[in-house]
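What follows is a short report on a single structure.
First listed ligand is number 1; within each ligand, the first listed atom is number 1.
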Amino acid sequence: MLTKRKPARAAAPVPVPAPAASGEVSRRAFLEGVGLAGASLAALGALPGAMVTEAKADALVATEEKQLKKGICTHCSVGCTVVGEIQNGVWVQQEPGWDSPISQGTHCAKGASVRELTKGERRVKYPLKLVDGEWQRISWDQAIEEVGDRLLRIRSELGPDSVFWLGSAKFSNETAYLLRKFAAFWGTNNVDHQARICHSTTVAGVANTWGYGAMTNSYNDIQNSKCLVIIGGNPAEAHPVAMQHMLRGKERNRAPFIVIDPRFTRTAAHATEYVRIRPGTDIPVVWGILWHIFENGWEDKQYIAQRVFGMDEVRAEVAKWTPDVVEEVSGAPAEQLRLVAEQMAKNRPSTLIWCMGATQKTVGTANVRAFSILQLALGNIGVQGGGANIYRGHCNVQGATDMGLDVTSLPSYYGLTEGAWKHWSRVWDVSYDAMMDRFGLADMPREEKKKLMELKGIPTTRWFDGVLAEDDELDQPNQIRGMVVLGHGGNTVTRMPDMLKGMEKLDTLVVIDPHPTTFAAVRQRRNGTYILPSCTQFETDGSRVCSNRSIQWSQKFVEPIFESKDDYTILYKLAVKLGFAEDLFKHIKVEGERPLPEDITREINRGALSTGYTGSSPERLKLHMVYQHTFDRITMQATSGPLKGEYYGLPWPCWGYPEWRHPGSPVLYDTSKHVMEGGGTFRARFGVERDGQTLLAEGSFSRGSEIEDGYPEFTMAVLKKLGWDRDLTPGELAVIQQIGGPDIDKVSWDTDLSLGIMRVAIKHGCLPYGNAKARAVAWNLPDPVPIHREPIYTSRPDLVSKYPAIENRRDFRLPHLNRGVQEAAVQADVRTKFPFVYTSGRLVEYEGGGEETRSNRWLAELQQTMFVELNNRDADELGVADGDWVWVSGPEEGRAKVKALVTERVGRGVIFMPFHFSGFWQGEDLRSAYPAGTDPHVLGEPANGITTYGYDPVTFMQETKVTLCRVERA
Ligand code: SF4
C-alpha cells in the first residue's frame with residue numbers, strides 16, 4: 001500500500017510553551033487543564049501551604065480557543081511528555097515536553113507521531129458486529145445489550161471462569177485497577193494483560209530476590225553509572241529516549257558500555273564491548289562472569305555478609321561454570337567474559353539493564369534471578385548508578401502490573417489468599433462472603449468457590465489452551481467460551497496456529513480497542529464477534545507509571561472521536577448491564593456514565609499500601625506535571641518551587657497520606673537515605689530465619705533507623721514487642737481493632753487501613769516492610785539457585801541430557817510439558833530438519849502487536865515490509881539474495897512468507913524476525929477481513945505464526961526468543 005516515501009516538506013512553525021523562567025502561560029494553562037486552577041485549588045487544603053500558594057501565584061489566563069495540554073506518549077515505558085496545542089477542541093500542534101525531567105524535549109518517531117492517533121484515519125468508528133462473516137454497524141445500546149446477554153448466558157451455563165478478560169498495559173492505572181476489580185466482581189481470576197508476555201518473569205524474579213517486582217533505579221540515574229551492561233535488550237530501538245541517559249552516562253563517566261546479545265543490534269553499535277552469545281544461554285554467561293568475580297575476590301564481601309542470604313549456594317553452582325565450559329555452551333569467548341567481569345568490578349557502581357531478550361524465555365525467572373545475584377555480588381543494588389534497570393515494554397506495564405491486572409494477584413501484589421481478598425473487600429466496602437459467592441457455579445459448595453477464588457487464573461499466554469483443553473486437563477469447572485479483550489493485540493502470543501483454533505471455538509469474542517486488532521481480523525470466525533470502539537489515551541485522562549516507578553498524570557487532549565468512548569465509560573456501561581455497577585462504583589463518583597479517574601486513584605491510594613501508592617494522590621501527581629521544570633535532570637528531585645525535595649512522579653513507594661509529603665523513592669533499597677527521604681532496605685517477605693540462619697539484615701539499616709540491625713515487617717505484634725504500640729492514636733487503634741478483631745496482633749502495616757502501623761514504623765526511622773537480606777537462594781521457586789536449562793527446541797540437543805528442561809508439571813489450571821516436548825523434539829531430530837535458531841525483537845518504528853502503529857501513516861512509511869534477518873553466508877548457501885521472498889517454517893505448524901534482509905547483524909545459523917506484524921497468514925493477504933476502512937497501512941506475517949511451545953515454570957511466560965526453524969526460497 002505504501003511504497004514510496006514522501007519528499008521532505010518544510011514543517012509549519014511549532015509553538016513552544018512559554019519558557020520555564022517565566023512559564024506562566026503554559027503553567028497556568030496546565031493548571032486550568034488539570035482542574036487545579038481557581039476553585040479546584042481550594043480542595044487542596046490538605047496540602048502544605050507552600051504548594052497551594054505557589055500555584056495561585058500563576059495569574060495568567062488561558063484563552064478559550066487555545067490550550068496547551070500535557071500528556072504521556074503511549075508507546076513505551078520511558079514515558080516521554082507530549083505537549084499538545086488544542087484549538088477549539090482540535091489537537092493542532094505537537095511538541096515534545098521540554099520540561100520533562102525524563103524526556104527533556106526529545107521523542108522518537110513513535111512519540112513524534114502520536115497526534116495521528118486522534119485523527120483516526122484507520123480507527124474503528126462505531127460498534128461493529130460480525131454477522132455471517134460480514135461486519136455490520138450497530139448502536140452502542142445494541143452492542144452492550146447483546147454482549148451482556150451473551151456473557152451472562154455463558155456465566156449461568158458454565159460459570160464465570162468461562163469468560164477470559166484480557167486487559168492492557170497501554171491504558172491508565174485507573175482503568176487497569178478498574179478492570180481487575182471488575183473481574184473480581186464478575187467472579188474470576190482469569191484476567192491478565194501484556195506484562196504476562198513481557199516482564200512477568202522480571203516481577204517474579206526480582207520480587208523473590210529483594211522484595212519488589214520493579215526497576216530499582218531510573219533511566220536518569222544511569223548517568224551516574226560507571227559501567228553499563230545491557231543483556232537481552234535493545235533500547236536504541238525499543239526505548240530510544242532512554243538511550244540519551246545511557247550515552248550521557250557512557251560519556252560523563254567514560255564508562256564501559258557492554259552489550260551481550262545474540263544479535264548485533266543498534267544498541268550494540270554503541271558498545272565498547274559486544275559479546276555475541278548463543279540464544280538461550282544467559283545463565284551460563286552470567287555465571288561465567290560471576291566465576292571470574294569470585295575467582296579474583298572482586299565480590300563485595302561486606303555487602304554480601306550484611307545484606308545477602310545464601311550466596312554460598314550460588315558459589316557452588318557458579319564453580320561449575322569455568323571459562324572453557326561457558327565458552328563451549330554459550331559461544332562467548334572466555335577472555336571476553338573475563339574482561340566484562342573485570343570492567344564491572346573495577347568500575348563501580350555498574351548498572352545491569354535487561355529487557356525481553358532475557359525475560360521471554362522458558363528460563364525467564366531464573367535468568368532474572370541470575371542477573372540480580374550478579375548485581376548483589378558486586379554490591380550494586382540500593383546505590384545510585386547501580387541497580388537492576390529493567391526496561392518495561394508498553395507505556396504502563398509497570399502500573400497495570402501494580403494494579404493487579406494479573407491472574408495471580410489482586411491490586412498491589414497482595415496475591416489471592418483469604419487475607420488478600422479480605423483486605424480488598426474492606427477497601428471496596430463489600431462483604432468478603434458476598435465476594436466469594438460471585439465465584440464458581442451457582443450450586444457449588446462454599447469451599448469449592450473459595451478454592452477458585454484463591455486459584456491463579458489461566459494466563460494470556462495460554463488462554464486458547466483453556467478453550468481447547470479436554471475436561472480432565474483443566475482445573476476449573478468448564479472451558480473458556482467467552483473472551484473480552486481491551487487494548488491488546490492478538491498476534492502477541494506464541495503458537496498462533498493453536499490460538500486460531502481457540503478463536504474458532506469461542507462462543508463470544510469482544511474486542512474493545514481503537515483499532516480492530518488481529519483478534520478481530522482473522523477469517524476463522526463468522527459470528528459472535530463484536531468490536532467496541534474505545535478511544536486512545538489522548539482522549540481521556542489518568543495516570544501511568546514509567547519503568548522507574550514514576551507516576552505521571554496524562555491530560556485529556558480532545559474528546560473521544562467518532563462514536564468511541566473511554567474505557568471508564570465502557571466498563572461502567574458493561575457493569576450496569578451485568579448487574580454489579582452499584583457495588584463496583586460504591587465509592588467512585590460517576591458523572592453521567594463516566595466514572596471519575598481521580599476517584600479511582602483515591603481508592604488505589606486507600607488500598608495499595610503494600611507498594612506505597614498511598615501518598616500519590618491525583619492532586620500531587622497533577623502538580624508534578626505542572627512543575628516539571630523544577631526537577632533536576634539527573635536526580636529527578638525538585639530543587640526549587642513548591643515541590644522542592646520531592647522526586648518526579650513520586651516513584652513508589654510513596655509512604656503515608658499525601659499530607660505527609662513523602663518524596664517518593666528514586667532508588668529502591670537505598671540505605672544511605674532516611675525512609676522519609678526515599679530510603680529503603682530489602683523487604684522482609686520470607687520470614688526471619690531459614691536453616692538456622694537469619695534472613696534479616698545484619699548491621700545494615702537505613703539512615704536514621706532507631707533499630708540499627710535487621711527487623712521483620714511491622715505488625716501489631718511487632719509494635720507491641722517494641723513498645724511502639726503506644727504511639728498509635730486512639731483513632732488508628734480503633735481501625736486496627738476493627739480489622740483484626742480477636743487476631744489484632746496479625747494486623748500488619750499493609751492491611752492497616754488507618755496507616756497507623758506504617759506511620760509509627762516510619763516515625764522511628766524504619767521501613768514498614770522490614771529490613772531483610774536479599775535472597776540469593778529462593779527456596780520457593782522451582783530452581784532455588786538458577787541453573788541452565790537448554791531451550792525446548794535447542795540447537796544443541798547434545799546438551800539436553802546435562803541441562804534438561806524442567807520436568808512436566810501442572811500450574812495455572814493447566815498441564816505444563818516443557819520436558820516432554822523437549823524430549824520429543826530431540827527424539828524426532830528436529831534440529832536437523834530445522835537448522836536455524838529463531839529469535840525475535842522490536843523495531844523502532846512500531847510497538848507491540850503493531851496494529852496501532854502500522855495504522856499511523858508517518859510510521860508506516862518508515863517500515864513497510866515484514867522481514868527476516870539472515871546472515872550473509874547462510875544466505876549464500878541458500879541461494880537467497882537480499883530482498884528475496886523466503887518461507888520461514890517452524891517445527892510445530894507455523895510458517896511465514898517474508899522478505900530476506902541479508903545482514904551480519906545475526907550470526908551464522910541464527911535468524912531474527914520483528915514481532916509487530918500481522919494481517920498476512922501463511923502467505924495469504926487478510927486485508928479484506930478487516931472492517932472497511934480500519935485495515936492498517938502495513939500488513940505482514942506475524943512472527944508468532946512460527947513460535948513454539950515453551951513456558952517459564954513460575955509465570956507461564958512464553959518462549960519468543962529461542963526456537964528452531966527452516967528457511968527456504970519462496
Ligand atoms: Fe518516548 Fe518511548 Fe514514546 Fe519513543 S516510544 S517517544 S521513547 S515514550
| message | Show me which atoms of ligand 1 lie under 4.0 Å from any heavy atom of Gly79. | response | 8 (S)
| field | Protein contact of atom 2 (Fe) of ligand 1 - nearest heavy atom, named by residue and atom, plus distance | value | Cys76 SG, 2.2 Å
| query | With atoms numbered from 1 as shown, which atoms in ligand 1 lie under 4.0 angstrom from a non-hydrogen atom of His107? | reply | 6 (S)
| task | Establish, from distance only, whether the side-chain atoms of Gln552 and Tyr648 form a donor-acceptor pair under 3.5 Å. | result | yes
| query | Given the rule in the side-chain contact (heavy atoms from CB on, under 4.5 Å) test, do Tyr613 and Asp402 qualify, once you have shown the distances and angles that lead to the verdict? | reply | CA-CA 9 Å; Tyr613 263 84; Asp402 298 341; 2.6 Å; yes
| message | Can you tell whether the side chains of Lys556 and Asp566 come within less than 4.0 Å, N to carboxylate O? | response | no
| field | atom 3 (Fe) of ligand 1 to nearest N/O/S of Cys108 less than 2.8 Å | value | no
| To which protein heavy atom is atom 3 (Fe) of ligand 1 closest, and what is the distance rounded to 0.1 Å? | Cys73 SG, 2.3 Å
| query | Would you say Pro240 touches ligand 1, if touching means a heavy atom closer than 4.0 Å? | reply | yes
| task | Ignoring hydrogens and angles, state whether a donor on the side chain of Thr947 or Gln958 is under 3.5 Å from an acceptor on the partner side chain. | result | no
| In terms of atom number and element, which parts of ligand 1 are under 4.0 angstrom from non-hydrogen atoms of Val241? | 1 (Fe), 7 (S)
| Considering only the protein, which heavy-atom contact is closest to atom 1 (Fe) of ligand 1, and what is its distance? | Cys80 SG, 2.2 Å
| How long is the gap from CZ on Arg392 to CD on Gln194, to the nearest 0.5 Å? | 11.5 Å
| query | Between the side chains of Thr955 and Thr201, is a donor N or O closer than 3.5 angstrom to an acceptor N or O? | reply | no
| said: For a distance under 2.8 Å, tell me if His239 has an N/O/S atom near atom 1 (Fe) of ligand 1. | reply: no
| field | Proximal atoms of ligand 1 relative to Lys110 (non-hydrogen, under 4.0 Å) | value | 5 (S)
| query | Is the closest basic N to carboxylate O distance between Glu116 and Lys119 below 4.0 Å? | reply | yes
